[in-house]
Amino acid sequence: MVIGSALIIGAFLVNGRRPSVETQQPDAAFVRASGKCAECHLQQQYSVVHEYEMSAHARKGVNCLDCHAAAENQQKKEHHGFAITTHMTAGNCRSCHESVYQEFLRSRHAAVSWAAVYGEKGLTPQQVSFAEQYHPGYAKRPPHPFVTLEGGSAMNSGCDQCHAIGRPNDDGAVGTCTACHARHSGSVALARLPTTCGQCHLGPDHSQIEIYEESKHGMMFAAQEHLLNLNAPPKALTTRDMFVPTCATCHMSGLNGLKVTHDPSERLSYYLADAVTNKRPNYTIAQANMKQVCNQCHTKPLIDRVYQQAEQVVASTNDRVHTAQDIMNSLRKDGFLAGKPFSNPIDFVYFDFWHYDGRTAKHGAFMGGADFVQWHGNYPMLKKLVDLRAMSDEMRKKR
Amino acid sequence: MTIPEKWKADHVLWIEAFAASNFAFLTLDIYMAHSVNSFRRQAELVPLFFSIFAAVVMAAAIAARERRPGLWTVLGHIVGWGSLAVGVAGVVLHLESSFFAERTLKSLTYAAPFAAPLAYAGLGLLLIMDRMVDAQSREWPLWVLLLALGGFAGNLVLSLTDHAVNGFFRWAEWIPVISSAYAVGFLTMPFLITVSRPYLSLCGYALLAQALVGVAGFCIHAAANFHGPSAKILQNFIDGAPPFAPLLFPNLAVLAGIGLWVLSHGEATE
């Protein structure tokens, strides 16, 4: 009896030393998930375990099943004794980060991003009307002509890879948080890196990463990244942590006590991506919000000057686009331009004119990218306007 | 069918039959256990094939025992030493899964059960002992008891680590731990002091309790698996609570019972 009792006491003592985060779980499957998943995945897909172990989720005791348990309306899949989902969506993250999800839902990263390619297709009427409240005309729209012209493979491997950030999911949730935070690292630091935003905000049509890299902000980031505290908690972030801004710092972070947001629209005052840029419905408050962020490092005169100059670029770009639109509309009206969109060479010149050069000039002006305002923006616009006129004249002559 | 009288007193045969039936059962058990891993490494097939081989060879050895005792000895040694090798190699390979990388209790808890392959080592030692120790000596039943004691110690470790995976979420998961701890305590005493026949009888009741715990465990594990997450029952049995693990309790109770029986019978006739 003595030997047996001693063994039992020993067993109780060993078990009692286990971390409560492993044992204080809602059911036995969650306890098993705190170690059993890693047992297999250390052998297969090792990086998912390694990434998770480095994450804030791991430090806070969030285990595999906390995220992989099927959320409402998600299909469960049996996986070695666990009922899980492998198709993760924002619907899984929102179980802990609901307010963040709601902010994301209001942003153009959500349904609007998807609708920019596929229109309303796949979105529920409720999702469309929700997005329309904040971005009128940007969710209730037809699919982009390229969906038909370029076909499914181009969409799947091209446009989808970025615009799926606002994908309507089978579970009713919109979007995926892992587009910026990655899956198993769930990283704030990753989302703060310019290269993360640059996965999608790059190239001639939205060249924000290139503009940032040219800007003083980007140059200083390249030199001083190692001195920044990219892992600082979002609600406690200060200019001591991020004394050089990245995209997230200005557009989303709660610097020095300012409100954190997952809706970049809260700080954006213009629809710069449009052919003709108009003020956003929340222009005044959004601009005030962004200027407040700028003010954490810069003085008011400088901020006002940057905005004033950028708004002048917006106005001049709008004028040029209006001129180009007049040429195109006139050709169409007079019967010189017919057929489907993107069926004439002049369609492409016009599209590149505003979609590449116009956008680039405007983004460059707001983001401190002088070369992009001029040599990647205004100069090609000037050239293409001449081209447009010449092509228009040619078309009229041929007729 | 009646059992011949000579078999009833032939405790060497009981051990042989015990080992042969265990190897046969281990075939099924190891198939399910390594199916969790989908037999990812080829080495995981070794105990499966060895169990089949050992069960067949032991059946042949038992059949040859009366007419060709030399063959019985040789076959038993082959299976015994082979089983010992499989068991020791199994422990090393199971520990390899993460213990040597992390060397923590957690890595023992969630890794492949490191003590499980010792079942092969135990059966191997049992067969070797059955051939090397005089069956009429007092040492023979003590060796049997010692191996049963080792088995219950293994059961203690296995039930502790297996249920730690669940975080002992249900209080009933402590029952096999407590039960096997007392079994270890009871079976240790004959090696420390001279025990009386009433104590051996008490051990018999303790073993009966072990058997009941094991059967109850089997039922609980099986019932849980009928409500597992997979639509396929077999998959739930493979990935869920190991249904055959609790049967180690009655199995070892039988082995210890043989040792106790022979020990008490021998002492009575001495």
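To find a chain, count down the sequence lines: A is the first, B the second, and so on, and within it residues start at 1. The structure displayed is predicted, hence computed values, not measured ones.
- Between the NZ atom of A:K76 and the OG atom of B:S230 there is a distance of 13.0 Å, given to the nearest 0.5 Å.
- Atom CD of A:E98 is surrounded by more than 12 heavy atoms from other residues, nucleotides or ligands within 6.0 Å.
- For B:W143, the CH2 atom is loosely surrounded, since the number of other residues' heavy atoms within 6.0 Å does not exceed 12.
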Yes or no on side chain to side chain contact (heavy atoms under 4.5 Å, CB included) for A:I8 and B:Y182, after CA distance, side-chain angles and deciding distance?
CA-CA 8 Å; A:I8 292 162; B:Y182 282 120; 3.3 Å; yes

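- Other residues, nucleotides and ligands contribute only 12 or fewer heavy atoms inside 6.0 Å of the NE2 atom of A:H50.
- Looking at B:L192, the atoms closer than 4.5 Å to chain A (heavy atoms on both sides) all sit in the side chain, from C-beta outward.
- For chain A, the option among B:A206, B:A231, B:A164, B:A183 with the highest count of heavy-atom pairs below 4.5 Å is B:A164.
- The local environment of CD in B:Q42 is sparse, with at most 12 non-hydrogen atoms from other residues, nucleotides or ligands closer than 6.0 Å.
- When each of A:C40, A:A29, A:S5 is checked for heavy-atom pairs under 4.5 Å with chain B, A:S5 comes out on top.
- Note on B:N225, B:L160, B:V184: by heavy-atom pairs under 4.5 Å with chain A, the leading option is B:L160.
- Of the atoms belonging to B:I178, heavy atoms from both backbone and side chain fall under 4.5 Å from chain A.
- For a residue to count as touching a neighbouring chain, one of its non-hydrogen atoms must lie under 4.5 Å from one of that chain's; by this rule A:F30 does not touch chain B.
- Atom NZ of residue B:K232 and atom CD of residue A:E78 lie 9.0 Å apart, to the nearest 0.5 angstrom.
- Ranking B:F186, B:F169, B:F168 against chain A, the residue ahead of the rest is B:F169, based on heavy-atom pairs under 4.5 Å.
- Applying the 6.0 Å contact sphere to CZ of B:F25 captures more than 12 heavy atoms from other residues, nucleotides or ligands.
- Within 6.0 Å of CG in A:N156 there are more than 12 heavy atoms belonging to other residues, nucleotides or ligands.
- One finds the NZ atom of A:K36 at 10.0 Å from the CG atom of B:N166 (value rounded to the nearest 0.5 Å).
- In this structure, chain A has no heavy atom under 4.5 Å from any part of B:I238.
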